[in-house]
Trainee: 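Before I ask anything, here is the structure I am working with.
Numbering of ligands and ligand atoms starts at 1, following listing order.
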Amino acid sequence: MAVVTGNPIISPSLLTNRVTQFGLRSEVSGAKVVPGRAIGSGGKGKGKVRVVVKAAVQIGGLEQLKKAKEGLGFDTVSEGELREKGFLGMRKTKLVCTIGPACCSLEDLEKLALGGMNVARLNMCHNTRDWHLDVIKKIKKLNEEKGFCVSIMIDTEGSQIQLLDHGAPSSVKVEKLEGYPPFTVQASYDGFSEGIEVGEVLVIDGGMASFEVIEKAGNDLCCRCTDSSLFLPRAKFSFWRDGKLVARNSELPTLSKKDWADIEFGVSEGVDFIALSFVNDADSVRQLKNYLYMRSSRSTRVLAKIESLESLQKLEEIIEACDGIMVARGDLGVEIPYEQIPTVQEEITRVCRELNKPVIVASQLLESMVEYPTPTRAEVADVSEAVRQYADALMLSGESAIGPYGQKALSVLQMASSRMELWSREENRQSILHQRPLGESLPDRIAEQICNCAVEMANNLGVDAIFVYTKHGQMATLLSRNRPYPPIFAFTSDKGTRMALNLQWGVIPVLVDLRDDEMEANITMTMELIKRKGMLKPGDVVMVVSDLASTHINYSAFQSIQVKTVV
Ligand SMILES: Nc1ncnc2c1ncn2[C@@H]1O[C@H](COP(=O)(O)OP(=O)(O)O)[C@@H](O)[C@H]1O
Ligand SMILES: C=C(OP(=O)(O)O)C(=O)O
Ligand SMILES: [K+]
Ligand SMILES: [Mg+2]
């Protein structure tokens, strides 16, 4: 029986002007009160809001422990990391790997999972659906049979993709030479030159090579190379006039017919995330979310990829409409001058944190490792900068998909993230995290305040871990938003919530049978289970935050903070 004690903590910010009563409650049925306190607040209950200071309790509920499946849904990688590095040594930044020919075997996928891959990305621009299905099945097999917790993301091709294919198997050198026979390349759709005039500039892959349009015949353009360099297979391109980007063909829908077919495929295979390419406004995000809501029982999360000028102009509305953001620096660097990427990335990351949405920094993080076994210093600095900005996740593209050093690249992300996270903690950079109030309803504002206060308490008290008990993950994201020093163990009985929290900074999602009306018993049961696994030891201090209902306090929902010392 875990006898727990707590410390008296009252946070005035919890006292809202609608508090009708304030009192010390000691009776929690089925439990004996021991000195100690917790902060709680009434939820939606009887229309009243009460801030209740409730003593931490010696809790019954052990019968639930016997019933609880011994297999607490702790993934093997997090468990190993905790045993090896301790609570504070656990990595916070999540890692996404694009799966391609170089890593699609079962053993390669297992190595990436062991190396810390949290999310596997399937880019529907490439390969066949059968190929992607095979990868999905392998990842599910690894999760089920080996205890991993790798979420699956499909990334749509998008209808505005502008690809030039010269047909050669690898990159082609282009020169500013006169008098050579023209060299023809195919564009990925007929209307690629709509609105383009002679004299405009065609830029390949954000500046890899540039051409001047010297003649237009129907849809075809004849261009002269003005800046020689490399022309990659399936290169992306953009047009510029007087130094300004010529807007893309916005008549095309964000979601093409192929995209809808890929989405249908993803939903039927139960993927956890759908990353929407070339989002230009919130409408396409809402359209997809509505479709998913009607179509799928599981809550597949929609990520919006910021990779066009229009999306930057509508950034906040897009962030508010989606479940997360990917800073897709590859195409973004084609759409805006690439020297603007660092500040744009920082701003997107900042707004995402403020609006409590996870953000992935993607593309070219370790591009040289597509060919070389070690990164450049500049690339390590780029990774560290994204971590310093408190991005939730980092993503490998060609580095894992086609490069021979995918596992090495993943370990570089892992090491650079852990180092920068430690530095940020030592520099107390957490203090820079300005929190714009988000919640509108009182219960939401209480949940937000509780999480803000809980993180401040956790950091000030130096607790070892934060345990949060959550149904849909909201409290876990609100805690993560504050970027706490200790890890956040998010206990949930909802599989979709668990897989979605894999993208949330500092959150270790744990699947466990929770009972809606037995908050205290849930706490006992999980702490006992983790203690039995040897991952909690006497003297460890755990902060417990919950938004589960509790009938003891005859509220439909009870949000509380408790600080418990394991004995
Ligand atoms: N599923 C796949 N099958 C084959 N090749 C892939 C796959 N995913 C990615 N690749 C390769 O890896 C490269 C980098 O991946 P990514 O950045 O996701 O694609 P893109 O280049 O279209 O932006 C792609 O250009 C492609 O050559
Ligand atoms: C991640 C990106 O999208 P994709 O790889 O699908 O082009 C990007 O453009 O950076
Ligand atoms: K894509
Ligand atoms: Mg892109």
Trainee: Between Met395 and Ala362, what is the shortest heavy-atom contact and its length?
Mentor: CE-CB, 3.7 Å
Trainee: Check all N, O or S atoms of Asp155 and name the one closest to the K ion (ligand 3).
Mentor: OD1
Trainee: Apply side chain to side chain contact (heavy atoms under 4.5 Å, CB included) to Asn127 and His132, showing your working.
Mentor: CA-CA 7 Å; Asn127 241 311; His132 289 289; 4.0 Å; yes
Trainee: At a 4.0 Å threshold, what atoms of ligand 1 neighbour a non-hydrogen atom of His132?
Mentor: 1 (N)
Trainee: Using 30° and 60° as the class boundaries, would you call the ring planes of Trp505 and Tyr390 parallel, tilted or perpendicular?
Mentor: perpendicular
Trainee: Can you find an N or O of Arg121 that's nearer than 3.5 Å to an N or O of ligand 1?
Mentor: yes
Trainee: Show the atoms of ligand 1 that are less than 4.0 angstrom away from any heavy atom in Asn127.
Mentor: 1 (N), 2 (C), 3 (N), 4 (C)
Trainee: Applying salt bridge (charged side-chain N to carboxylate O under 4.0 Å, His left out), run through Asp382 and Arg329 and close with a yes or a no.
Mentor: CA-CA 12 Å; Asp382 180 29; Arg329 306 186 310 179; 2.7 Å; yes
Trainee: Got a sec: does the CG of Asn290 have more than 12 other heavy atoms crowding it under 6.0 Å?
Mentor: yes
Trainee: In ligand 1, which numbered atoms sit nearer than 4.0 Å to a non-hydrogen atom of Ser397?
Mentor: 17 (O)
Trainee: Side chains of Thr156 and Asp262: donor-acceptor distance under 3.5 Å anywhere?
Mentor: no
Trainee: As a test of reading the structure, name the N/O/S atom of Asp331 that is nearest the Mg ion (ligand 4).
Mentor: OD2
Trainee: Would you check if the side chain of Lys357 reaches a backbone N or O of Glu320 as a donor-acceptor pair within less than 3.5 Å?
Mentor: yes
Trainee: Which option, Glu399, Met124, Gln364, His126, owns the non-hydrogen atom nearest atom 20 (P) of ligand 1?
Mentor: His126
Trainee: Taking backbone and side chain together, does Met124 place any N/O/S atom at a distance below 3.4 Å from the K ion (ligand 3)?
Mentor: no
Trainee: Look at ligand 1 and say whether Ile99 reaches it with a heavy atom at a distance under 4.0 Å.
Mentor: yes
Trainee: Take every heavy atom of Pro101, measure it against each atom of ligand 1, and state whether any distance is under 4.0 Å.
Mentor: yes
Trainee: Looking at every heavy atom in both Arg498 and Gly73, which two are closest together, and how far apart are they?
Mentor: NH2-O, 2.7 Å
Trainee: Trp131 heavy atoms, cut-off 4.0 Å: which ligand 1 atoms fall inside?
Mentor: 1 (N)
Trainee: Starting from the Mg ion (ligand 4), look over the N/O/S atoms of Glu307 and name the nearest one.
Mentor: OE1
